[in-house]
Amino acid sequence: FSKFPSSLSYFFTPVFYSVFPAASYTDSSDDETSPRDKQQKNSKGNSDFCVKNIKQAEFGRREIEIAEQEMPALMALRKRAQGEKPLAGAKIVGCTHITAQTAVLMETLGALGAQCRWAACNIYSTLNEVAAALAESGFPVFAWKGESEDDFWWCIDRCVNVEGWQPNMILDDGGDLTHWIYKKYPNMFKKIKGIVEESVTGVHRLYQLSKAGKLCVPAMNVNDSVTKQKFDNLYCCRESILDGLKRTTDMMFGGKQVVVCGYGEVGKGCCAALKAMGSIVYVTEIDPICALQACMDGFRLVKLNEVIRQVDIVITCTGNKNVVTREHLDRMKNSCIVCNMGHSNTEIDVASLRTPELTWERVRSQVDHVIWPDGKRIVLLAEGRLLNLSCSTVPTFVLSITATTQALALIELYNAPEGRYKQDVYLLPKKMDEYVASLHLPTFDAHLTELTDEQAKYLGLNKNGPFKPNYYRYLELPRNGEAWVIMSFLH
């Protein structure tokens with residue numbers, strides 16, 4: 001592919017309280033019929049999809065068109081690929097959040113020559129109107145907001161298990177799609193060229209497979225690319241954490257005591273936003289380097305047990321499991337808000353709250369009161385699932401960076417000559433990261449300085465990059481609205 005780097009509505013509505021026993025439930029709708037029980041066709045007579053309501057397609061199309069304006073790099077890829085189809089013959093099965101931004105990515109992959117089938121990686125993050133617009137455009141999409149766990153796996157299976165079509169590329173967010181194919185259809189990996197994984201959770205699973213010698217295709221770790229870590233994880237969460245909390249709780253942040261579990265890029269973004277709004281922020285961390293960064297950024301490093309009785313908000317963003325246990329939940333103060341900003345729903349032990357002695361009370365969409373026998377209640381958001389994509393929206397421009405990285409990773413793996421990538425997990429080439437960043441600079445009317453021949457020779461660099469070695473760490477720490485680059489030394 002010659003033109004790419006060679007190394008490659010929220011409105012407040014009346015609240016009707018309803019009390020349930022400990023059970024899971026999803027959003028209400030005018031039409032309570034499960035999409036699985038509906039017979040729907042798009043305007044071309046195609047029925048290879050399952051969405052909430054195909055009639056919402058027009059509204060979804062408008063949202064996609066708005067998102068396109070804030071995703072310059074993907075639109076540039078489409079334009080540059082008009083005469084070439086770098087993904088011609090690619091059959092991509094995807095499992096990501098289905099939003100307007102993802103729709104732009106999917107339609108870009110289609111413009112690059114790929115066939116796509118898609119499911120949602122989160123039961124609450126799908127925008128129904130966008131899913132309808134994609135189905136109307138001919139994309140086999142199987143997703144709707146408020147899926148049950150059984151629906152979730154059914155949708156993934158409908159993407160994978162289809163007569164006359166077999167995927168040769170996987171785009172995953174969380175590893176559930178990859179896990180399903182390994183579990184149900186392992187022979188499919190004979191034709192799959194590679195996996196592109198976006199999340200911490202999914203990447204962790206891939207490294208486990210690799211270590212056990214069970215990873216049978218090359219995989220690209222997009223999560224740890226510079227463009228994903230330093231822009232999506234940090235800047236996206238810095239803005240969307242406030243949006244998610246405000247939409248669901250209408251709370252005032254000033255003076256509130258907040259504990260953020262984890263000081264990776266997501267935690268850094270959350271802490272910076274809350275501190276700027278006047279909150280008193282505590283941090284828990286297992287990594288001494290991240291812990292030292294939190295301390296030098298002015299945050300109090302604590303163990304969760306030390307502050308659990310006094311904090312007003314608990315936010316998890318570790319990618320781990322059982323970070324907030326039933327013991328912690330029992331000790332929380334009345335009206336404490338509990339939410340998760342990590343990909344998986346395992347960080348908060350929500351299952352332990354589904355017991356007879358506790359009452360669940362739905363307040364509004366994605367907001368539950370869990371009430372103890374003595375009357376104490378906590379406010380649980382999105383049933384412990386990803387807050388920002390379940391309860392609000394995320395900045396489109398930042399997602400453009402991640403989506404472009406995903407597209408280039410797919411192109412790289414699909415077109416790589418045999419033998420370039422073995423059955424292991426790889427990071428994106430530095431040159432590709434720099435290329436993604438360069439595609440977004442024109443939005444800011446930004447002008448890069450170019451090295452002279454003499455300067456390039458002095459530094460031992462190619463004038464066109466890559467400009468940093470693979471071991472270079474871009475440790476951007478948000479402080480008072482600025483990004484500081486530091487180096488950490490252990491001795």
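Just so we're clear, the structure is a prediction, and the values are computed from it rather than from any experiment.
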Stepwise side chain to side chain donor-acceptor pair (under 3.5 Å) check, Ser225 with Thr405
CA-CA 8 Å; Ser225 66; Thr405 304; 4.8 Å; no
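- Thr248 places a side-chain N or O within 3.5 Å of a backbone atom of Leu245 that can act as its donor or acceptor partner.
- Counting non-hydrogen atoms of neighbouring residues, nucleotides and ligands closer than 6.0 angstrom, the CZ atom of Arg300 reaches no more than 12 such neighbours.
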For Tyr124 and Glu383: C-alpha separation, side-chain torsions, deciding distance, then whether side chain to side chain donor-acceptor pair (under 3.5 Å) applies.
CA-CA 10 Å; Tyr124 293 134; Glu383 296 188 26; 3.0 Å; yes
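- Side chain of Glu347 to backbone of Gly319: a donor-acceptor contact under 3.5 angstrom is found.
- Within the 4.5 Å cutoff, no side-chain heavy atoms of Asn320 are placed close to those of Ile286.
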Take Arg205 and Asp172 through the salt bridge (Lys or Arg N to Asp or Glu O under 4.0 Å) test and state the conclusion after the steps.
CA-CA 12 Å; Arg205 290 176 175 178; Asp172 211 353; over 6 Å; no
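- Remark: Met251 CE is packed, more than 12 non-hydrogen atoms of other residues, nucleotides or ligands lying under 6.0 Å away.
- Here the side chain of Glu285 pairs a donor or acceptor atom with the backbone of Tyr263 at under 3.5 angstrom.
- Taking the charged nitrogens against the carboxylate oxygens, Arg61 and Glu107 do have a contact shorter than 4.0 Å, which makes a salt bridge.
- One finds a salt bridge joining Asp250 and Arg364 here, because a Lys/Arg side-chain nitrogen approaches an Asp/Glu carboxylate oxygen to under 4.0 Å.
- In this structure, CG in Leu209 is found 8.5 Å from OG1 in Thr178, a value given to the nearest 0.5 Å.
- Tested against Asp312 for a side chain to side chain donor-acceptor pair (under 3.5 Å), the candidates Gln257, Lys333, Lys256 yield a single pass: Lys333.
- Without hydrogens or angle criteria, Asn388 side chain to Ser240 main chain gives no donor-acceptor distance under 3.5 Å.
- Glu147 places a side-chain N or O within 3.5 Å of a backbone atom of Trp144 that can act as its donor or acceptor partner.
- A pairwise comparison of heavy atoms in Asp173 and Ser199 identifies OD1-CB, 3.3 Å as the closest pair.
- A pairwise comparison of heavy atoms in Ile241 and Ala273 identifies CG2-CB, 3.9 Å as the closest pair.
- Exactly one of Ile98, Asn122, Thr99 qualifies for a side chain to side chain contact (heavy atoms under 4.5 Å, CB included) with Leu389. That residue is Thr99.
- Between Glu58 and Arg62 a salt bridge is recorded (basic side-chain N to carboxylate O distance below 4.0 Å).
- In terms of modelled atom types and a separation under 3.5 Å, the side chain of Arg326 and the main chain of Ser352 share a donor-acceptor contact.
- Counting only distance, with no hydrogens or angles, the side chain of Glu197 and the backbone of Gly175 share a donor-acceptor pair below 3.5 Å.
- Relative ring orientation between Phe397 and His440 is described as perpendicular, the plane-to-plane angle rising above 60° on a 0-90° scale split at 30° and 60°.
- Using a 4.0 Å cut-off between charged side-chain N and carboxylate O, Asp224 and Lys228 make no salt bridge.
- Across every non-hydrogen atom of Asp433 and Val226, the tightest pair is OD2-N, 3.2 Å.
- Residue Lys376 places its NZ atom among more than 12 non-hydrogen atoms of other residues, nucleotides or ligands, all under 6.0 Å distant.
- Tyr414 places no side-chain N or O within 3.5 Å of a backbone atom of Met169 that could act as its donor or acceptor partner.
- Lys275 contributes atom NZ, which lies 12.0 Å from atom CD1 of Ile280 (distance to the nearest 0.5 angstrom).
- The shortest heavy-atom contact between Cys317 and Met341 is CB-CB, 4.1 Å.
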Go through the steps to decide whether Lys79 and Glu68 satisfy the test salt bridge (Lys or Arg N to Asp or Glu O under 4.0 Å), and finish with yes or no.
CA-CA 13 Å; Lys79 185 175 181 179; Glu68 288 176 346; over 6 Å; no
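- The line from OH of Tyr435 to CG of Leu428 is 14.0 Å long, rounded to the nearest 0.5 Å.
- Between the side chain of Asp297 and the backbone N or O of Phe299 there is no donor-acceptor pair closer than 3.5 Å.
- Taking every heavy atom of both residues into account, His97 and Thr102 meet most closely at O-OG1, 2.5 Å.
- Within a 6.0 Å radius of CZ in Phe59, no more than 12 heavy atoms belonging to other residues, nucleotides or ligands are found.
- If you take CG on Leu109 and CZ on Arg78, they are separated by 9.5 Å, rounding to the nearest 0.5 Å.
- Taken from CZ in Arg362 to NE2 in His369, the straight-line distance is 11.5 Å, to the nearest 0.5 Å.
- Of all heavy-atom pairs between Leu301 and Cys295, the closest is CB-SG, 4.0 Å.
- Asn322 CG to Thr346 OG1: the interatomic distance, rounded to the nearest 0.5 Å, is 7.5 Å.
- Counting non-hydrogen atoms of other residues, nucleotides and ligands closer than 6.0 Å to CG of Leu441 gives a total above 12.
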Walk me through it: do His328 and Thr325 pass the test side chain to side chain donor-acceptor pair (under 3.5 Å)?
CA-CA 5 Å; His328 294 127; Thr325 65; 3.1 Å; yes
Test Trp118 against Phe139 for side-chain contact (heavy atoms from CB on, under 4.5 Å), laying out the working first.
CA-CA 8 Å; Trp118 229 262; Phe139 285 92; over 6 Å; no
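- A salt bridge does not link Lys183 to Asp176: none of the charged nitrogens lies less than 4.0 Å from a carboxylate oxygen.
- Under a 3.5 Å cut-off, the side chain of Arg117 and the backbone N or O of Arg158 do form a donor-acceptor pair.
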